[in-house]
Amino acid sequence: MAYSDKTRGMYSEVLTGLQSAGLFKQERYIHSAQAADIEVEFPSGAPLKKVINICANNYLGMSSHPEVVKAAHDGLDSHGYGMSSVRFICGTQDIHRTLEKMVTQFLGTEDTILFPSCMDANAGVFEAVLTKDDVMISDRLVHASIIDGIRLCSAMHDTFKHSDMEHLEEKLQLHNDKRLKCVITDGVFSMDGDTARLDKMVELCDKYDALLFVDDSHSSGFIGKTGRGTHELCGVMGKIDIITTTFGKGLGGASGGCVSGRKELVEMCRQKARPYLFSNTIAPPVVAGVIKVLEILSASTDRRDKLESNTAFWRKGLTDAGLIIKAGDTPIVPVMLFNAKLAQDVSRDLYDEGIYAIGFFFPVVPQGQARIRTQISAGHEIHHLEKALEAFKKVGKKYDILGKTKQEIIEMYGM
Amino acid sequence: MDEMQEIIKNYVIKEYVEDDTELTYDTPLISGGIVDSFSMVSLKRFLENKYSISIPDDRATPEAFDSVNKICALVREFVK
Ligand SMILES: Cc1ncc(COP(=O)(O)O)c(C=O)c1O
């Protein structure tokens, strides 16, 4: 037995350390399908509680959409449960290629390759298209999965200050001697809900002959007039060289991701990206579900329009109540509390009021910027949002933070 | 003390310091969390361009870049 008491003790100590630092993550068991109204067991063993979910990435309310569920059932019947193979051996079905073509059409790109997840897409893409003669220049707030992809790639890496276009330009000049330069950003940033300035970035990338990479996981399906993503919002469709996105959020919420963009770059991924080569792709019923999602979203913008009006209602409601939110117009709406313990306390009290929303604090967000991240869905009805607003007001009053400035909240509770 | 220290310090402040954290020539940059090890690349490139030198990768360690004074010492080794 190689797992000695000493080894076990070492891990126990680390885990205890996480607990005492307040960084220990605990799961909450949801007994219902994902939706606006869910039933939760928390803590483990507690009786089930009916709550309104305002922290899912279920932006379009597709996770349990009856037509999507039916399409997945049909896909299960026609194409089976699993493939028992990676794509290039015997793991590619007609529907995988159908989905790739539909994504290409939806995003307005040249070609698309599916990955088991967007985490895998981000982990594999840079290494597949760049070499040690190249440089990656990333926004300092990109998602963790992109950071991992960058780590796995032999190209040089540098960063620019969050959304600071002058700083990006300086970096493009600094690295102008490199074979290829690749600028890397999220479309919508997941913690703050702000949007990348893709129009300006396209301009800079044109000027300095750089590739542009955008992770549109928190945009695909609903940002832009017809929901194509941040590139549609910024008027630069067709000009993004690499888009990665997930099917695990707005586009159905199950799982899977992709790289979509210039056809040579997509082909490089098919030849070289390790998560594509060495891991099973998306399972047939999920593929069938995502195909249905794209059909629904291509036929009508009703859902993204509803999400937009729900978001406006929610943002105005929180602001009118005197809470501090991050400015913007995406459905990611962080309610700023600054202090980590306050964020946890407010989250717990909201739960008691029947509202499920989670506190985020260091190291997930910078020190002194603790918050409750709320996320709005087209699956919410106004009565859900009204109830959630009432709860925020009640809890806000209890902690005396309504109408208070950042300074005042920090004076009361510390950073 | 000399110009090189000021130039490097000002560069670090401009590049990495987001608030008004005080920076001295001995403030730990990397172990102090001011410069992440990813971003060391641009610091290295800045030094190489500015002083027309080439710092071998095996010398550009987080330890050697951990303060303005340490960086100056490293650069001086390579300036002719
Ligand atoms: C910006 C961003 N990229 C990628 C991912 C990973 O997506 P997936 O669940 O498909 O791996 C996430 C999910 O948290 C994300 O927020």
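So you know, we letter chains A, B, ... as the sequences are listed, proteins then strands, and number each from 1.
- Once rounded to the nearest 0.5 Å, the distance linking OG of B:Ser42 with CD of A:Glu170 reads 10.0 Å.
- Heavy-atom contacts from other residues, nucleotides or ligands closer than 6.0 Å to CD of B:Glu22 number 12 or fewer.
- Counting non-hydrogen atoms of neighbouring residues, nucleotides and ligands closer than 6.0 angstrom, the CG atom of A:Asp329 reaches no more than 12 such neighbours.
- Residue A:Met156 holds its CE atom at 7.5 Å from CG of B:Asp57, rounded to the nearest 0.5 Å.
- For chain B, the nearby part of A:His167 is the side chain; its heavy atoms alone come within less than 4.5 Å.
- Closest approach of B:Glu15 to A:Lys161, counting heavy atoms only: O-CE, 3.1 Å.
- A salt bridge is defined here as a Lys NZ or Arg NE, NH1 or NH2 lying under 4.0 Å from an Asp or Glu carboxylate O, and B:Lys44 with A:Asp158 fails to meet this definition.
- Around atom NZ of B:Lys14, more than 12 heavy atoms belonging to other residues, nucleotides or ligands sit under 6.0 Å away.
- No more than 12 heavy-atom neighbours from other residues, nucleotides or ligands sit within 6.0 angstrom of CD on A:Glu13.
- Taking all atoms of both residues into account, the shortest heavy-atom contact from A:Leu174 to B:Arg45 is O-NH1, 3.2 Å.
- We find the CG-CG distance between A:Asp177 and B:Asn49 to be 7.5 Å, quoted to the nearest 0.5 Å.
- Within 6.0 Å of the CZ atom in A:Arg179, the count of heavy atoms belonging to other residues, nucleotides or ligands exceeds 12.
- A:Ile137 does not touch chain B: none of its heavy atoms, backbone or side chain, sits under 4.5 Å away.
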